[in-house]
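One structure is given here, and the rest of the page talks about it.
Chain letters run A, B, ... following the sequence lines, proteins first and then strands; every chain starts at 1.
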Number of protein chains: 2
Amino acid sequence: MAPKLPSTSRSLPIALIRAREGVMLPIRDMLGETGITEQQWRVLRVLSEYGRLDAKTLADRSSLLFPSLTRIATTLRGKGLITQERDDVDRRRQFIEITAAGQKIIDDNAGHSAQIVAEFKAKLGAEDYETLLDLLARLDPNSPD
Amino acid sequence: MAPKLPSTSRSLPIALIRAREGVMLPIRDMLGETGITEQQWRVLRVLSEYGRLDAKTLADRSSLLFPSLTRIATTLRGKGLITQERDDVDRRRQFIEITAAGQKIIDDNAGHSAQIVAEFKAKLGAEDYETLLDLLARLDPNSPD
DNA sequence: TGATATACCTTAACATGTTAATACTTGTGA
DNA sequence: TCACAAGTATTAACATGTTAAGGTATATCA
C-alpha cells in the first residue's frame, strides 16, 4: 500500500503559507495606501537598515531572487525611491541606495508597522513569539545549523 | 524620532519566507521530475484526501485564491489529472475530482514526500516540530482563536 | 596571453499571487 | 414577478516566483 501522507491540514508547507497570509494581511493593508508592494517595502527596509548595498547582498537580505530584484529595482528607480550605480572598480557589480523619498516612506510607516508587529507579539505572547522565530530560523536553508 | 522597526533579520514575514524556502526546496526537487508545480501538487493532495469537492471548498483547503485555482484547474484538466463538472442543482457551482492519472502521481510520490516530511521532523525533533505547527496555526487568519 | 571558467546581472517564459471588473445564477423582498 | 442583492466563477492586469538562457566583466591557469 501507498505510504501515508500527513493530512493537508497538518502539512508544514501549507501551515507556512497560511501563517504568512495571516501575518501579511495587516501589512498589505498598510502598504495599500502607500502604493508600494510588500516586496518593494522589504527592499526599502533592508536599504534603510544597512545603507548602500551591492545588488547581490541586497537580494540575499531581502530574500529575493535576482530576477525579481532586477524588476523591483527598475520599478523603485522609476518611482524615485532608490538610485543605482555601477561599481567603477568591478564593473560587473552595481550599488543600490535608498533616496530621501524612499526613506520618507519608511519613516511614515514605521509607527504603524511597529504596531502590527507588537500586535502579533501580543497575540502569541512574547515567549512563544521568540520561540517561533527560532524554530523558523532552523528551517532557513542558509541557517548555520 | 521615528519608531524603531525590528531588524529585518528578526522580522516575522521574512522568517516565514525563508522557512518556506527551506521546506520547499526538497519538495520542488521531487516535483520537478513529475512536471507539476507545488500548487498543482497541493490541489491533487487535497482532492486525494477529501475526494470530490466543490471549487470553493477546494480553494480553501488548498490555500489558493480563486483566480489561481481557476488557472490551475485548467492546467490540470489539460493534463488529464482532474475532471470538472457543473452542479446540476445549483448551476453556479462546480465539482472537481481527481482522475486515476492524478491519483497515480500522488501514489508515485507519496513515499518520497513522506520521507521529506520525516527528515524535517528529525531535523527539528518531533516535539519542536509539533510546537511549530501549533504556533503557525495560531497565525492562520482562519484559525478559530 | 589566451582560452576557459566564474561572477554579476538582465531577459525571457511560464506559473502563481493579488485586486478589480465582469458574467452568470440563485435568493429575496416589495 | 420584477428589481436588486448575494453567491460562484472567470477574466484581466500587474507584480512576483522560478528556472533557464544570454551578456558582459573579471579571474584563473596552462
Side-chain angles (χ1 to χ4, degrees), chain A residues 13-14 16-18 20-43 53-60 62-79 81 84-96 141, chain B residues 13-14 16-18 20-43 53-60 62-79 81 84-96 141:
Chain A
I14 291 184
L16 287 167
I17 291 174
R18 293 189 175 154
R20 193 169 145 58
E21 262 179 59
V23 170
M24 291 317 300
L25 214 65
I27 297 180
R28 262 203 296 275
D29 286 346
M30 172 186 84
L31 293 177
E33 300 166 9
T34 73
I36 68 174
T37 67
E38 171 207 333
Q39 288 82 356
Q40 293 166 17
W41 167 255
R42 220 155 68 212
V43 167
L53 288 179
D54 68 277
K56 187 175 198 57
T57 305
L58 176 56
D60 283 347
S62 308
S63 282
L64 289 171
L65 295 178
F66 233 110
S68 294
L69 180 59
T70 295
R71 284 177 304 210
I72 291 170
T74 302
T75 302
L76 289 176
R77 187 155 29 84
K79 294 183 177 182
L81 304 181
Q84 277 174 290
E85 55 177 314
R86 289 230 156 276
D87 180 346
D88 285 328
V89 178
D90 183 343
R91 301 184 47 73
R92 287 172 302 188
R93 301 204 305 161
Q94 170 189 158
F95 286 107
I96 299 183
Chain B
I14 291 184
L16 287 167
I17 290 173
R18 291 188 176 154
R20 193 170 145 58
E21 264 178 56
V23 170
M24 291 318 300
L25 215 65
I27 296 179
R28 263 204 295 276
D29 285 346
M30 173 186 84
L31 292 177
E33 302 167 7
T34 74
I36 68 174
T37 68
E38 171 206 335
Q39 289 81 354
Q40 293 166 17
W41 167 256
R42 219 154 69 212
V43 168
L53 288 179
D54 68 278
K56 189 176 197 57
T57 306
L58 176 56
D60 282 347
S62 308
S63 282
L64 289 170
L65 295 179
F66 232 109
S68 295
L69 180 59
T70 295
R71 285 177 303 211
I72 291 171
T74 301
T75 302
L76 290 176
R77 188 155 28 85
K79 293 183 177 183
L81 305 180
Q84 276 173 291
E85 56 177 313
R86 288 231 157 276
D87 181 346
D88 285 328
V89 178
D90 183 342
R91 300 185 46 73
R92 287 172 302 189
R93 300 203 307 161
Q94 168 188 158
F95 286 107
I96 300 182

With a 4.0 angstrom cut-off to heavy atoms of chain B, pull out the first and last contacting nucleotide of DNA chain C, in 5'-to-3' order. dA15(C) to dT26(C)
As an exercise, state the distance from CG of L81(A) to CD1 of I72(A), rounded to the nearest 0.5 Å. 12.5 Å
Rounded to whole angstroms, how far apart are CZ on R91(B) and P on dT10(D)? 13 Å
I96(A) CD1 to L53(A) CG distance, which is reported to the nearest 0.5 Å: 8.5 Å
Exactly one of R86(A), Q94(A), R92(A) should register a side-chain hydrogen bond (donor to acceptor under 3.5 Å, both in side chains) with D90(A). Which one does? R92(A)
Quick one: does R42(B)'s side chain have a donor or acceptor within less than 3.5 Å of a partner on I14(A)'s backbone? no
Reading DNA chain C from 5' onward, which residue's closest nucleotide shows up sooner: M24(A) or A55(A)? A55(A)
Q84(B) vs I17(B), nearer the 5' end of DNA chain D by closest nucleotide: Q84(B)
Rounded to whole angstroms, how far apart are CD1 on I96(B) and C1' on dT8(D)? 12 Å
May I have the distance from L65(A) (atom CG) to dA20(D) (atom C1'), rounded to whole angstrom? 13 Å
Using whole Å, what does the distance between atom P of nucleotide dA9(D) and atom CZ of F66(B) come to? 4 Å
Sorted by number, residues from residues 27-40 of chain A placing a heavy atom under 4.0 Å from DNA chain C are R28(A)
To the nearest 0.5 angstrom, please state how far the CZ atom of F95(A) sits from the CG atom of L58(A). 12.0 Å
Given atom CD of Q94(B) and atom C1' of dT10(D), what is their separation to the nearest angstrom? 10 Å
Touch class at under 4.0 angstrom, heavy-atom based, for L69(B) against every strand present: nothing
For the atom pair CD (Q84(B)) and CG (L76(B)), what is the distance rounded to the nearest 0.5 Å? 9.0 Å
Reported CH2-to-CD1 distance for the pair W41(B) and I27(B), which is rounded to 0.5 angstrom: 9.0 Å
Take atom NZ in K79(B); do more than 12 heavy atoms of anything else shown fall under 6.0 Å from it? yes
Who pairs with R20(B) by salt bridge (Lys or Arg N to Asp or Glu O under 4.0 Å), at least two apart in sequence or on another chain? E38(B)
Over how many whole Å does the gap from R93(A) atom CZ to dT26(D) atom P extend? 11 Å
